[in-house]
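For the single chain, residues carry numbers from 1 onward in sequence order. Below, each value reflects all heavy atoms present in this structure, side chains not excepted, and no hydrogens, waters or symmetry copies.
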Amino acid sequence: LGNTIGRQEAYDELVRTIKKNDVGVLGVSVLEETADAARQVAIAARGASDRVIIVAGGYLPTLAPSRIDFADYIIRGEGERPFSSLVNALDSEDPLPCIPGVARDGSLVDEINIEPDLNSLQKPRRDIFPGNGGTYGVTAVTSSRGCVFDCGYCSAQQLYGRRYRARSMENLVEELEELFQDEALDCFRINDEQFFGFSREDRARALDILEHIANAAESRDRFKLALEGRADQYVKFMSEYPRASEVFARISSKDESCV
């Protein structure tokens, strides 16, 4: 549903998709600010099919599961593996096994699923997005998860427990090279809580990633990059690697407001 969530046309498209594909399981990612819209998605889905199973995941189900009263299942924590295991179990029609991080019918589980090795996760199946024709235009990649700080305004600590995990450059570059094969790609977001990391090794890795992106985007007329990080870690990054200014400039030359 993307940026159209909350609009009637998004719900209408959802209903058509469920009916056309006989959807059996619908996953909904829920934030505090999207809770009401997610509830409307569940209502629309059940109106389209009385057999569809609603699975809610994301920050709100993880940190405040009692707030989720519209889902058949809740996934607490990182959902790639639990969601896959849940769908396979439902498809088999065998008794549902105990799956880390998965709760049913309002029951709560204390365990928040955290993947110890991000390199072991499968890459997103972007090719199955409806109507994309093999192109993305806009996409996002996660190179790391978590943060060691405990800022009062941020829920990352509650979700990840002040742990920081990063993908290897080899693992990440494989995904980046696949993405940059798409000539229509002109907007790119790195979905890390703290892109610059917390050690000199982390910051060296951040520079390697930026240089790889700058090289891959060299031949494009337009390209936008978005990323997030703490100001103090950014200052350390720039002071340790002054040439990063040149890398940012190479990327920003594609568009006046790209970085």
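- L31 and L63 fall within a single hydrophobic cluster, where Ile, Leu, Val, Met, Phe, Trp and Tyr side chains are chained together by heavy-atom contacts under 4.5 Å.
- The distance between the ring centers of Y73 and F83 does not fall below 6.0 angstrom.
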Candidate pair F188 and L179, rule side-chain contact (heavy atoms from CB on, under 4.5 Å), full reasoning:
CA-CA 10 Å; F188 191 92; L179 289 174; 3.8 Å; yes
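- Between N191 and A140, the closest heavy-atom pair is ND2-CB, 3.4 Å.
- A 4.5 Å side-chain heavy-atom check between L26 and V28 finds at least one atom pair inside the cut-off.
- Between the side chains of S168 and N171, no donor N or O sits under 3.5 Å from an acceptor N or O.
- Ion pair E218/R250 flagged as a salt bridge, since at least one NZ, NE, NH1 or NH2 atom sits closer than 4.0 Å to an Asp/Glu carboxylate oxygen.
- Remark: side-chain polar atoms of S49 are not paired, donor with acceptor, to backbone N or O of R46 under 3.5 angstrom.
- Residue D221 holds its CG atom at 10.0 Å from CG of D186, rounded to the nearest 0.5 Å.
- Considering only heavy atoms from C-beta on, D232 stays 4.5 Å or farther from V235 through its side chain.
- Residues R203 and F237 approach most closely at O-CE1, 3.4 Å, considering heavy atoms.
- Looking only at side-chain heavy atoms (C-beta outward), T17 and K20 stay at 4.5 Å or farther from each other.
- Here T34 contributes atom OG1 and Q40 contributes atom CD; the two are 12.5 Å apart, rounded to the nearest 0.5 Å.
- Under the 4.5 Å side-chain criterion, counting only non-hydrogen atoms from C-beta, K19 is in contact with V15.
- For the pair R230 and F196, the cation-pi test (distance below 6.0 Å, angle within 45°) is failed.
- Ring geometry, Y234 versus F248: the interplanar angle falls from 30° to 60°, so the pair is classed tilted.
- Summarising the local packing, CD of E33 is surrounded by more than 12 heavy atoms from other residues, nucleotides or ligands at distances under 6.0 Å.
- Salt bridge annotation for R39-D69: present, with a cationic side-chain nitrogen under 4.0 angstrom from a carboxylate oxygen.
- Across every non-hydrogen atom of S143 and L172, the tightest pair is CB-CD2, 3.7 Å.
- The backbone N or O of T142 lies less than 3.5 Å from no partner atom in the side chain of D192, so there is not a single donor-acceptor pair.
- Nearest heavy atoms, Y164 versus G197: OH-CA, 3.6 Å.
- Under a hydrophobic clustering in which Ile, Leu, Val, Met, Phe, Trp and Tyr are joined whenever their side-chain heavy atoms come within less than 4.5 Å, directly or via other members, I190 and F198 fall into different clusters.
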R51 and D22: salt bridge (charged side-chain N to carboxylate O under 4.0 Å, His left out), yes or no, with the steps?
CA-CA 9 Å; R51 63 179 290 271; D22 192 26; 3.3 Å; yes
Could you please spell out the steps behind the side-chain contact (heavy atoms from CB on, under 4.5 Å) verdict for E246 and E211?
CA-CA 10 Å; E246 299 177 8; E211 288 184 324; over 6 Å; no
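- To the nearest 0.5 angstrom, L86 atom CG is 9.0 Å from R104 atom CZ.
- Of all non-hydrogen atoms in G77 and L159, the two that sit nearest each other are CA-CD1, 3.9 Å.
- Classification of D182 and R126 as a salt-bridged pair fails, no side-chain N sitting under 4.0 Å from a carboxylate O.
- One hydrophobic cluster holds both L176 and L185 under the rule that ILVMFWY side chains link at heavy-atom gaps under 4.5 Å.
- Listed for the S199 side chain is a donor-acceptor partner under 3.5 Å among the backbone atoms of D202.
- Atom-to-atom distance recorded for E78:CD and N113:CG is 6.5 Å, nearest 0.5 angstrom.
- R81 has its side chain within reach of L121: a pair of non-hydrogen atoms, C-beta onward, lies under 4.5 Å apart.
- Heavy atoms only, all atoms of each residue included: V52 and D72 are closest at O-OD2, 4.1 Å.
- Between L210 and L225, some side-chain heavy-atom pair lies under the 4.5 Å cut-off.
- Here the straight-line distance linking atom CZ of R220 with atom CD1 of I251 works out to 12.5 Å at 0.5 Å rounding.
- For R205 and S144, the side-chain atoms include no donor-acceptor pair closer than 3.5 Å.
- Of the inter-residue distances, the one linking E193 atom CD with Y160 atom OH reads 4.0 Å to the nearest 0.5 angstrom.
- When atom types are taken as modelled, the side chain of R76 and the backbone of I112 share no donor-acceptor pair closer than 3.5 angstrom.
- With hydrogens and angles ignored, the 3.5 Å screen pairs no side-chain donor or acceptor of D91 with any backbone N or O of V87.
- I75 places none of its side-chain heavy atoms less than 4.5 Å from the side chain of P61.
- F149 and L227 sit in two unconnected hydrophobic clusters of ILVMFWY residues. Membership requires side-chain heavy atoms under 4.5 Å apart, directly or through other members.
- Using a 4.0 Å cut-off between charged side-chain N and carboxylate O, R145 and E115 make no salt bridge.
- Both V141 and M169 belong to a single network of hydrophobic side chains, linked directly or stepwise wherever heavy atoms of I, L, V, M, F, W or Y lie under 4.5 Å apart.
- Proximity of R163 to Q157: side-chain heavy atoms (C-beta onward) are nowhere separated by under 4.5 Å.
- Residue K123 is tested with E80, E174, E175 for a salt bridge (Lys or Arg N to Asp or Glu O under 4.0 Å); the sole match is E174.
- Judged by the 6.0 Å distance and 45° axis criteria, R200 is positioned over the aromatic ring of Y241.
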